[in-house]
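Keep in mind it's a predicted model, so treat the numbers as computed, not measured. First the proteins, then the strands, lettered A, B, ... as listed; each starts at 1.
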Amino acid sequence: MSTNLKGKARVAEIFRRLADATPEPKTELEFANAYQLLVAVVLSAQATDKGVNKATRTLFAKVKTPADMLALGEESLTEHIKTIGLFRAKAKNVMGLSRLLVQQHGGEVPHRRDQLEALPGVGRKTANVVLNCWWGEPTMAVDTHVYRVAKRLGLSTGTTPRAVEDDLLRIIPQTYLRHAHHWLILHGRYTCTARAPKCATCPLSDLCPSAGKLSSN
DNA sequence: CTCCCGATAT
DNA sequence: ATATCAGGAG
(Lines give C-alpha, C1' and ligand atoms only; values in the text may rest on other atoms or scores of the structure.)
Protein backbone atom coordinates (compact mmCIF):
# COMPACT_ATOMS: atom_id res chain seq x y z
CA MET A 1 0.00 0.00 0.00
CA SER A 2 2.42 2.64 -1.20
CA THR A 3 0.00 5.02 -2.87
CA ASN A 4 -0.91 7.77 -0.46
CA LEU A 5 -4.68 7.68 -0.70
CA LYS A 6 -7.01 7.39 2.26
CA GLY A 7 -10.67 7.02 3.08
CA LYS A 8 -13.13 7.90 0.34
CA ALA A 9 -10.43 8.75 -2.19
CA ARG A 10 -8.85 5.29 -1.80
CA VAL A 11 -12.21 3.53 -2.18
CA ALA A 12 -13.06 5.58 -5.25
CA GLU A 13 -9.68 4.82 -6.81
CA ILE A 14 -10.16 1.07 -6.20
CA PHE A 15 -13.45 1.02 -8.09
CA ARG A 16 -12.23 3.42 -10.77
CA ARG A 17 -9.50 0.90 -11.61
CA LEU A 18 -11.83 -2.12 -11.51
CA ALA A 19 -14.30 -0.25 -13.74
CA ASP A 20 -11.50 0.62 -16.14
CA ALA A 21 -10.43 -3.04 -16.38
CA THR A 22 -13.98 -4.38 -16.94
CA PRO A 23 -16.40 -1.63 -18.02
CA GLU A 24 -19.44 -3.94 -18.31
CA PRO A 25 -18.98 -6.88 -15.92
CA LYS A 26 -21.61 -9.59 -15.83
CA THR A 27 -22.21 -12.97 -14.27
CA GLU A 28 -20.47 -15.99 -15.74
CA LEU A 29 -23.52 -18.12 -15.05
CA GLU A 30 -25.42 -19.07 -18.22
CA PHE A 31 -29.18 -18.42 -18.46
CA ALA A 32 -31.83 -17.23 -20.89
CA ASN A 33 -34.46 -15.79 -18.54
CA ALA A 34 -35.05 -14.76 -14.92
CA TYR A 35 -36.19 -18.22 -13.86
CA GLN A 36 -33.07 -19.90 -15.24
CA LEU A 37 -30.93 -17.24 -13.55
CA LEU A 38 -32.63 -17.95 -10.22
CA VAL A 39 -32.10 -21.70 -10.59
CA ALA A 40 -28.48 -21.26 -11.66
CA VAL A 41 -27.73 -19.09 -8.63
CA VAL A 42 -29.34 -21.60 -6.25
CA LEU A 43 -27.23 -24.35 -7.82
CA SER A 44 -24.06 -22.25 -7.52
CA ALA A 45 -23.81 -22.39 -3.73
CA GLN A 46 -20.38 -23.79 -2.77
CA ALA A 47 -19.77 -24.74 -6.41
CA THR A 48 -17.93 -23.20 -9.36
CA ASP A 49 -19.76 -21.34 -12.13
CA LYS A 50 -18.12 -23.63 -14.67
CA GLY A 51 -19.47 -26.71 -12.95
CA VAL A 52 -22.96 -25.20 -12.75
CA ASN A 53 -22.90 -24.19 -16.43
CA LYS A 54 -21.88 -27.68 -17.46
CA ALA A 55 -24.96 -29.12 -15.74
CA THR A 56 -27.43 -26.38 -16.73
CA ARG A 57 -26.47 -26.50 -20.40
CA THR A 58 -28.42 -29.73 -20.86
CA LEU A 59 -30.98 -28.95 -18.16
CA PHE A 60 -31.94 -25.52 -19.53
CA ALA A 61 -32.31 -26.89 -23.05
CA LYS A 62 -35.40 -28.68 -21.73
CA VAL A 63 -36.41 -26.52 -18.77
CA LYS A 64 -37.24 -22.88 -19.40
CA THR A 65 -40.06 -22.32 -16.92
CA PRO A 66 -41.00 -23.53 -13.42
CA ALA A 67 -43.81 -25.52 -15.05
CA ASP A 68 -41.19 -27.29 -17.19
CA MET A 69 -39.28 -28.14 -14.01
CA LEU A 70 -42.35 -29.63 -12.33
CA ALA A 71 -42.95 -31.69 -15.47
CA LEU A 72 -39.35 -32.89 -15.47
CA GLY A 73 -39.59 -34.09 -11.87
CA GLU A 74 -37.11 -34.30 -8.99
CA GLU A 75 -35.63 -37.64 -10.00
CA SER A 76 -34.65 -36.40 -13.44
CA LEU A 77 -33.46 -33.04 -12.10
CA THR A 78 -31.22 -34.88 -9.64
CA GLU A 79 -29.66 -36.80 -12.52
CA HIS A 80 -28.91 -33.54 -14.36
CA ILE A 81 -27.16 -31.91 -11.38
CA LYS A 82 -25.39 -34.90 -9.83
CA THR A 83 -21.98 -33.43 -10.67
CA ILE A 84 -22.66 -30.37 -8.50
CA GLY A 85 -21.98 -30.46 -4.77
CA LEU A 86 -24.94 -30.51 -2.38
CA PHE A 87 -27.05 -31.83 -5.27
CA ARG A 88 -29.76 -33.56 -3.24
CA ALA A 89 -30.63 -30.51 -1.17
CA LYS A 90 -30.46 -28.31 -4.26
CA ALA A 91 -32.77 -30.58 -6.25
CA LYS A 92 -35.30 -30.47 -3.44
CA ASN A 93 -35.06 -26.69 -3.19
CA VAL A 94 -35.36 -26.14 -6.94
CA MET A 95 -38.47 -28.32 -7.09
CA GLY A 96 -39.90 -26.48 -4.08
CA LEU A 97 -39.25 -23.01 -5.43
CA SER A 98 -40.61 -23.98 -8.85
CA ARG A 99 -43.82 -25.25 -7.27
CA LEU A 100 -44.15 -22.05 -5.25
CA LEU A 101 -43.56 -19.87 -8.31
CA VAL A 102 -46.34 -21.66 -10.19
CA GLN A 103 -48.76 -21.63 -7.26
CA GLN A 104 -48.18 -18.11 -5.92
CA HIS A 105 -46.51 -16.03 -8.64
CA GLY A 106 -48.06 -17.13 -11.92
CA GLY A 107 -44.84 -18.84 -12.91
CA GLU A 108 -42.90 -15.57 -12.79
CA VAL A 109 -39.88 -14.67 -10.66
CA PRO A 110 -40.96 -12.01 -8.14
CA HIS A 111 -39.27 -8.62 -8.20
CA ARG A 112 -39.33 -8.27 -4.43
CA ARG A 113 -36.75 -9.25 -1.84
CA ASP A 114 -39.18 -10.70 0.70
CA GLN A 115 -40.90 -12.81 -1.94
CA LEU A 116 -37.58 -14.05 -3.29
CA GLU A 117 -36.30 -14.94 0.18
CA ALA A 118 -39.51 -16.85 0.90
CA LEU A 119 -38.54 -19.34 -1.82
CA PRO A 120 -36.81 -22.54 -0.62
CA GLY A 121 -33.05 -22.39 -1.23
CA VAL A 122 -33.10 -18.61 -1.66
CA GLY A 123 -31.46 -16.49 1.02
CA ARG A 124 -30.28 -12.91 1.09
CA LYS A 125 -27.27 -13.44 -1.14
CA THR A 126 -29.22 -15.22 -3.89
CA ALA A 127 -31.99 -12.60 -3.74
CA ASN A 128 -29.37 -9.86 -4.09
CA VAL A 129 -27.88 -11.55 -7.15
CA VAL A 130 -31.28 -11.83 -8.89
CA LEU A 131 -32.21 -8.24 -8.02
CA ASN A 132 -28.90 -6.99 -9.41
CA CYS A 133 -28.37 -9.27 -12.40
CA TRP A 134 -31.93 -9.28 -13.70
CA TRP A 135 -33.32 -5.92 -12.64
CA GLY A 136 -30.10 -3.97 -12.33
CA GLU A 137 -30.74 -2.89 -8.77
CA PRO A 138 -27.70 -1.61 -6.79
CA THR A 139 -27.61 -4.52 -4.32
CA MET A 140 -24.40 -5.99 -2.89
CA ALA A 141 -24.50 -9.78 -2.90
CA VAL A 142 -21.81 -10.91 -0.47
CA ASP A 143 -20.52 -14.32 -1.49
CA THR A 144 -17.25 -15.95 -0.53
CA HIS A 145 -15.28 -13.77 -2.99
CA VAL A 146 -16.81 -10.44 -2.03
CA TYR A 147 -16.41 -11.27 1.66
CA ARG A 148 -12.72 -12.14 1.29
CA VAL A 149 -11.81 -9.28 -1.05
CA ALA A 150 -13.67 -6.64 0.97
CA LYS A 151 -11.82 -7.64 4.11
CA ARG A 152 -8.40 -7.85 2.47
CA LEU A 153 -8.86 -4.42 0.91
CA GLY A 154 -9.91 -3.05 4.29
CA LEU A 155 -13.35 -2.07 2.94
CA SER A 156 -15.00 -3.80 5.89
CA THR A 157 -14.10 -5.33 9.24
CA GLY A 158 -17.44 -7.09 9.52
CA THR A 159 -17.55 -10.74 10.53
CA THR A 160 -20.82 -11.69 8.81
CA PRO A 161 -21.93 -11.36 5.17
CA ARG A 162 -24.66 -8.93 6.22
CA ALA A 163 -22.23 -6.67 8.09
CA VAL A 164 -19.88 -6.61 5.09
CA GLU A 165 -22.82 -5.87 2.77
CA ASP A 166 -23.88 -2.91 4.90
CA ASP A 167 -20.33 -1.53 5.01
CA LEU A 168 -19.93 -1.82 1.23
CA LEU A 169 -23.29 -0.16 0.54
CA ARG A 170 -22.18 2.72 2.76
CA ILE A 171 -18.70 3.36 1.35
CA ILE A 172 -18.94 2.55 -2.36
CA PRO A 173 -19.74 5.64 -4.48
CA GLN A 174 -23.24 5.51 -5.99
CA THR A 175 -22.00 5.50 -9.57
CA TYR A 176 -20.11 2.23 -8.95
CA LEU A 177 -22.76 0.39 -6.91
CA ARG A 178 -24.56 -1.25 -9.82
CA HIS A 179 -21.46 -3.19 -10.90
CA ALA A 180 -19.52 -3.28 -7.63
CA HIS A 181 -20.35 -6.86 -6.64
CA HIS A 182 -19.34 -8.25 -10.04
CA TRP A 183 -16.08 -6.32 -9.97
CA LEU A 184 -15.26 -7.68 -6.52
CA ILE A 185 -16.21 -11.23 -7.56
CA LEU A 186 -14.09 -11.16 -10.72
CA HIS A 187 -11.20 -9.67 -8.78
CA GLY A 188 -11.53 -12.37 -6.14
CA ARG A 189 -11.90 -15.19 -8.65
CA TYR A 190 -8.93 -14.35 -10.84
CA THR A 191 -6.56 -12.16 -8.83
CA CYS A 192 -7.33 -11.97 -5.11
CA THR A 193 -7.75 -15.75 -4.85
CA ALA A 194 -8.34 -17.48 -1.54
CA ARG A 195 -5.14 -19.55 -1.32
CA ALA A 196 -2.40 -17.76 -3.21
CA PRO A 197 -3.50 -14.20 -4.06
CA LYS A 198 -1.65 -12.75 -7.07
CA CYS A 199 -0.47 -9.60 -5.32
CA ALA A 200 2.55 -9.28 -7.62
CA THR A 201 0.33 -8.60 -10.63
CA CYS A 202 -2.67 -7.11 -8.82
CA PRO A 203 -3.73 -3.67 -10.10
CA LEU A 204 -4.85 -2.75 -6.60
CA SER A 205 -1.79 -3.83 -4.63
CA ASP A 206 -0.61 -0.26 -3.96
CA LEU A 207 -4.03 0.46 -2.44
CA CYS A 208 -4.30 -2.75 -0.43
CA PRO A 209 -3.31 -3.08 3.24
CA SER A 210 -3.05 -6.87 2.81
CA ALA A 211 -0.80 -6.87 -0.26
CA GLY A 212 2.05 -9.33 0.05
CA LYS A 213 0.98 -10.61 3.43
CA LEU A 214 -0.13 -14.01 2.14
CA SER A 215 -2.46 -14.60 5.04
CA SER A 216 -6.03 -15.60 4.45
CA ASN A 217 -7.86 -12.97 6.40
C1' DC B 1 -23.46 -24.45 15.18
C1' DT B 2 -23.82 -28.54 11.82
C1' DC B 3 -25.06 -30.62 7.69
C1' DC B 4 -25.21 -30.90 2.74
C1' DC B 5 -21.31 -32.79 -1.17
C1' DG B 6 -18.90 -33.38 -6.22
C1' DA B 7 -15.27 -31.24 -9.07
C1' DT B 8 -11.20 -28.75 -9.31
C1' DA B 9 -6.98 -26.15 -7.90
C1' DT B 10 -3.02 -26.15 -5.13
C1' DA C 1 -4.17 -34.85 0.54
C1' DT C 2 -6.96 -30.97 1.30
C1' DA C 3 -8.77 -26.26 0.67
C1' DT C 4 -12.06 -24.11 -2.01
C1' DC C 5 -16.02 -23.17 -4.85
C1' DA C 6 -21.54 -16.98 -6.64
C1' DG C 7 -24.98 -20.50 0.65
C1' DG C 8 -29.03 -21.90 2.93
C1' DA C 9 -31.78 -24.61 6.16
C1' DG C 10 -32.50 -26.92 10.54
* State yes or no: do L168(A) and L186(A) share one hydrophobic cluster built from I, L, V, M, F, W and Y residues joined by side-chain heavy-atom distances below 4.5 Å, directly or via other members? => no
* Side chains of S156(A) and Y147(A): donor-acceptor distance under 3.5 Å anywhere? -> no
* To do: Measure from NZ on K90(A) to P on dC5(C) and round the result to the nearest Å.
  => 13 Å
* Asked: Where along nucleotides 5-10 of chain B does protein come under 4.0 Å, by heavy atom, of base (B) or sugar-phosphate alone (S), with - for untouched nucleotides?
  -> BBSSBB
* Rounded off to whole Å, could you give me the CG-to-P distance for the L38(A) and dG8(C) pair? => 11 Å
Can you give the donor-acceptor pairs under 3.5 Å from side chains of residues 84-91 of chain A to other protein atoms, not counting sequence neighbours?
residue, atom, partner, partner atom, Å
K90(A), NZ, L43(A), O, 2.7
K90(A), NZ, A45(A), O, 2.8
K90(A), NZ, G85(A), O, 3.0

* **Donor-acceptor pair, side chain of N33(A) and main chain of K64(A), under 3.5 angstrom** => yes
* Rounded P spacing from dC5(B) to dG10(C) in Å -> 14 Å
* Euclidean distance, atom CE of residue M140(A) to atom P of dG7(C) [Å, nearest integer] -> 13 Å
* Under 4.0 Å between any heavy atoms, over every strand shown, what does L186(A) touch: base, sugar-phosphate, or nothing? Just pick one. => nothing
* Please check if any side-chain donor atom of H111(A) sits under 3.5 Å from a side-chain acceptor atom of E137(A), or the reverse. => yes
* How many Å lie between CD1 on I185(A) and C1' on dC5(C), as a whole number? -> 12 Å
* Asked: Can you check the Y147(A) OH to dT4(C) C1' distance for me, whole Å?
  -> 16 Å
* Between atom CG in N93(A) and atom P in dA9(C), what is the gap in whole Å? -> 7 Å
* Would you say a side-chain N or O of R148(A) is under 4.0 Å from OP1 or OP2 of dC5(C)? -> yes
* Could you tell me how the ring of W183(A) sits relative to the ring of Y176(A): parallel (under 30°), tilted (30 to 60°) or perpendicular (over 60°)? => perpendicular
* To do: Take the protein atom CG of L29(A) and the nucleotide atom P of dG7(C), then report the distance between them rounded to whole Å.
  => 10 Å
* Structure fact -> The single option from L131(A), L169(A), L177(A) that satisfies side-chain contact (heavy atoms from CB on, under 4.5 Å) with T139(A) is L131(A)
* Asked: In whole Å, what separates the P atom of dC4(B) from that of dA1(C)?
  -> 24 Å
* **Between C1' of dC3(B) and NZ of K92(A), the distance in whole Å** => 15 Å
